[in-house]
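Here is the structure we will look at.
Order of appearance sets the numbers: ligands from 1, and atoms from 1 within every ligand. The basis for the numbers below is simple: all heavy atoms, side chains too, and nothing from hydrogens, waters or symmetry mates.
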Amino acid sequence: MTALLEVRNLSVAYGAIEAVRDVSFSVEEGQIVSLIGSNGAGKTTTLRTISGLLRPKAGDILFEGKSIADAAAHEILEKGVSHCPEGRRLFGRMTVEENLHLGAYVRKDNGVAKDMERVYELFPVLGQRRNQKAGLFSGGEQQMLAIGRAMMSKPRLLMLDEPSMGLSPIMTQRIFDTISELQSQGTTILLVEQNALAALALSDRGYVVDLGRTTLEGPGHDLLADTRVRAAYLGED
Ligand code: ATP
């Protein structure tokens, strides 16, 4: 079976700084796959390269078996890869509804209104406050909106970069519950997280990234039980 996304021996550099070195992983349709690892490990760089915002120095990125390594960012989005960036990057002076519309700008079908209602079902608070400016929202609500906006392109693959960053434990749980819910509705998810425990608990597969390389991989539950993972990311001896 062809993986939905396959990253093969990917290397990415910022000038002389090699941020990603020979990283390989794949995401099967319907899965949640996480990349975990400490600050600066190269996870964000990997997502930005998949999205077409950065170019690989070496290696390839295949989406549905075809290389997207040279494609423009808008073409990759049109193929069905949506990126919910670290730090959310919302338009604070625009309303919830306007931010959601922006997420749908590549679509040519007429299902946008229906999908906006789906986002409001997933996150009722966004529906109640649809005419308010995004900049007035709490961190957790902004993360909901950022995920909602990314869903508005109707992605085959949703990439989430640090969705729990800066959120309270309750809000973090809410966001992880939503990620599971999106998977059960049929979305394939590539998740980048520093919260290794929560990410691996819901992942079909996980990859540990360290200094630009993948050092461990396996089913989420196996990695959660791995003493090396527990020592490095959960503070256990
Ligand atoms: P974080 O969770 O902090 O985003 P990360 O695992 O996503 O960490 P990256 O942001 O991909 O890691 O960074 C990987 C490496 O590349 C780090 O050493 C970082 O300092 C470096 N780096 C990231 N962005 C740039 C840039 N624009 N210019 C130069 N170096 C960069």
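- Every atom of ligand 1 with a heavy atom of Q194 under 4.0 Å away is listed here by number and element: 2 (O).
- Scanning the protein for heavy atoms near atom 22 (N) of ligand 1, the closest one is Y14 CE1, 3.4 Å.
- Given atom 9 (P) of ligand 1, the protein heavy atom at minimum distance is T45 OG1, 3.5 Å.
- If you check the side chains of S164 and T172, you find no donor sitting under 3.5 Å from an acceptor.
- Distance from atom 4 (O) of ligand 1 to its nearest protein heavy atom, with residue and atom name: T44 OG1, 3.0 Å.
- Side-chain atoms of N195 and E162 form no donor-acceptor pair, as typed in the model, at a separation below 3.5 Å.
- In summary, of the residues considered (T46, L47, L160), a side chain to side chain contact (heavy atoms under 4.5 Å, CB included) with V192 occurs for L47 alone.
- In terms of protein heavy atoms, atom 1 (P) of ligand 1 is closest to N39 OD1, 3.5 Å.
- Between the side chains of T45 and Y14, at least one donor N or O lies within less than 3.5 Å of an accepting N or O.
- Under a 4.0 Å N-O distance rule, the pair E64/K66 does not qualify as a salt bridge.
- An N or O contact shorter than 3.5 Å links E86 to ligand 1 by distance.
- Near E162, meaning under 4.0 Å from any of its heavy atoms, are these atoms of ligand 1: 2 (O).
- For atom 31 (C) of ligand 1, the nearest protein heavy atom lies under 4.0 Å away.
- The closest side-chain donor-acceptor pair between T215 and D210, if any, does not fall under 3.5 angstrom.
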Passes side-chain hydrogen bond (donor to acceptor under 3.5 Å, both in side chains), T95 versus N131? Steps please.
CA-CA 5 Å; T95 65; N131 296 315; 5.3 Å; no
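- Between T44 and R48, the side chains place no donor N or O within less than 3.5 Å of an acceptor N or O (distance only, hydrogens not considered).
- Using a 4.0 Å threshold on non-hydrogen atoms, atom 20 (O) of ligand 1 does not count as touching the protein.
- For the pair E29 and R156, the salt-bridge criterion is met [side-chain N within less than 4.0 Å of a carboxylate O].
- For atom 16 (O) of ligand 1, the nearest protein heavy atom (residue, atom name, distance) is A19 CB, 3.3 Å.
- Looking only at heavy atoms of the protein, atom 14 (C) of ligand 1 is closest to G40 O, 3.3 Å.
- For ligand 1, the polar-atom distance check against I17 finds no nitrogen or oxygen pair separated by under 3.5 Å.
- G42 N, 3.0 Å is the protein heavy atom nearest to atom 12 (O) of ligand 1.
- Near S38, the atoms of ligand 1 lying under 4.0 angstrom from a non-hydrogen atom of the residue are 6 (O).
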